[in-house]
Amino acid sequence: MTINYEAEYNNRARVPEHEEIFARWASDADAYRAQANCDLDLAYGDAERQKVDVFHPNGTASQDAPLIMFIHGGYWRSLDRTVFSHLAKGLNAHGFSVALPSYTLAPDASVQQIIDEMVACTRFLHNRHGKKIVASGHSAGGHLAACLLATDWPKLDPGLPADLVSSALAVSGVFDLRPLIHTTNNDALKLDEAMAARVSPILWEVPKARTMHLHILVGGAESHEFIRQSKDMAERWAAQGAKTAYHETPSANHFTVIDALADAGSPLTQDLSLLANHVAG
């Protein structure tokens with residue numbers, strides 16, 4: 001069967017109302033940023049977009065609680081952390097601090113360079129807060145969260161704990177980038193087969209030195225390819241010993257699937273809180 005990769009991976013074309021959704025996100029994010037307890041524009045590197053915002057709960061967070069990172073999507077080539085500030089709201093209500101980073105966008109950075117930036121941001125946050133990190137993200141951010149989960153931290157720096165990132169939640173992620181070669185997204189990503197395989201965490205060996213928890217969520221109204229990728233990622237990493245869970249949100253499309261993070265009582269927020277409590281426990 002021939003797959004129309006452009007149709008399968010062009011989420012903006014699949015969701016005609018995406019501009020209205022983006023405008024709502026930006027408005028909600030501005031409103032939350034204006035009243036939240038937060039540290040904004042922290043530099044984790046020298047480049048213009050190497051900044052991270054950290055949103056704290058109004059009450060006192062547990063000293064043992066990890067820091068939750070949420071990485072935005074946009075196919076590694078668009079959007080910005082400031083559009084998603086409101087997604088910290090639900091987790092803040094559960095007593096967790098939430099970090100939202102930006103990163104250099106393609107084509108100014110390759111996917112590998114963007115992975116490296118998120119690794120650098122994770123090290124910065126650990127050094128600044130002295131906490132372990134729970135990685136989460138949406139779309140391209142889901143891919144980046146999985147990459148952080150699979151990173152061998154002591155190999156990068158013997159002073160870093162092996163379990164610096166031992167739990168992750170990937171929402172509507174792209175874990176195998178090879179199909180994107182056949183889409184217009186590759187005009188910015190500039191991937192060839194070898195490069196796409198190298199940055200595809202579905203093909204990576206899962207580190208055995210620690211127990212890894214990967215929860216994967218996808219919208220029930222998303223394309224066949226996004227649902228397939230999420231299922232395949234959960235199955236392949238489970239086969240290597242990771243503890244994985246796969247869920248679909250009925251009727252949610254690629255963009256509305258993350259709205260629930262702004263709601264403290266939503267199943268998505270509660271699932272991410274459970275992952276964080278597992279790290280703390």
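As a basis for the values below, the full set of heavy atoms in this structure was taken, side chains included, without hydrogen atoms, waters or symmetry mates. Heads up: numbering here begins at 1 and tracks the sequence.
Applying the side-chain hydrogen bond (donor to acceptor under 3.5 Å, both in side chains) definition to pairs two or more places apart or across chains, those involving residues 258-268 are R24-D259, W25-D259, S266-T269. Applying the side-chain hydrogen bond (donor to acceptor under 3.5 Å, both in side chains) rule to pairs touching residues 142-160 yields W76-H143, R123-D157, sequence neighbours excluded.
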If you apply the rule salt bridge (Lys or Arg N to Asp or Glu O under 4.0 Å), what do you find for D53 with R81, and how did you get there? CA-CA 8 Å; D53 298 338; R81 70 189 186 280; 3.2 Å; yes
Please test T104 against E117 for side chain to side chain donor-acceptor pair (under 3.5 Å), starting from the C-alpha separation and ending with a verdict. CA-CA 8 Å; T104 306; E117 289 191 10; 2.8 Å; yes
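The hydrophobic clustering, which links ILVMFWY residues whose side-chain heavy atoms are closer than 4.5 Å, places L272 and L274 apart.
Of all heavy-atom pairs spanning K132 and H126, the tightest one is N-ND1, 4.4 Å. Of all heavy-atom pairs between F55 and L40, the closest is CZ-CD2, 4.2 Å.
A side chain to side chain donor-acceptor pair (under 3.5 Å) with E222 holds for exactly one of R228, H254, R14; it is H254. Under the side-chain contact (heavy atoms from CB on, under 4.5 Å) rule, Q229 has a single partner from S223, P179, S200, which is P179.
Within a 6.0 Å radius of NZ in K89, other residues, nucleotides and ligands contribute 12 heavy atoms or fewer. Within 6.0 Å of the CD atom in E205, the count of heavy atoms belonging to other residues, nucleotides or ligands does not exceed 12.
Contacts of R12 classified as side chain to side chain contact (heavy atoms under 4.5 Å, CB included), with partners at least two apart in sequence or in another chain: N10, H18, F22, S78, L79, F255.
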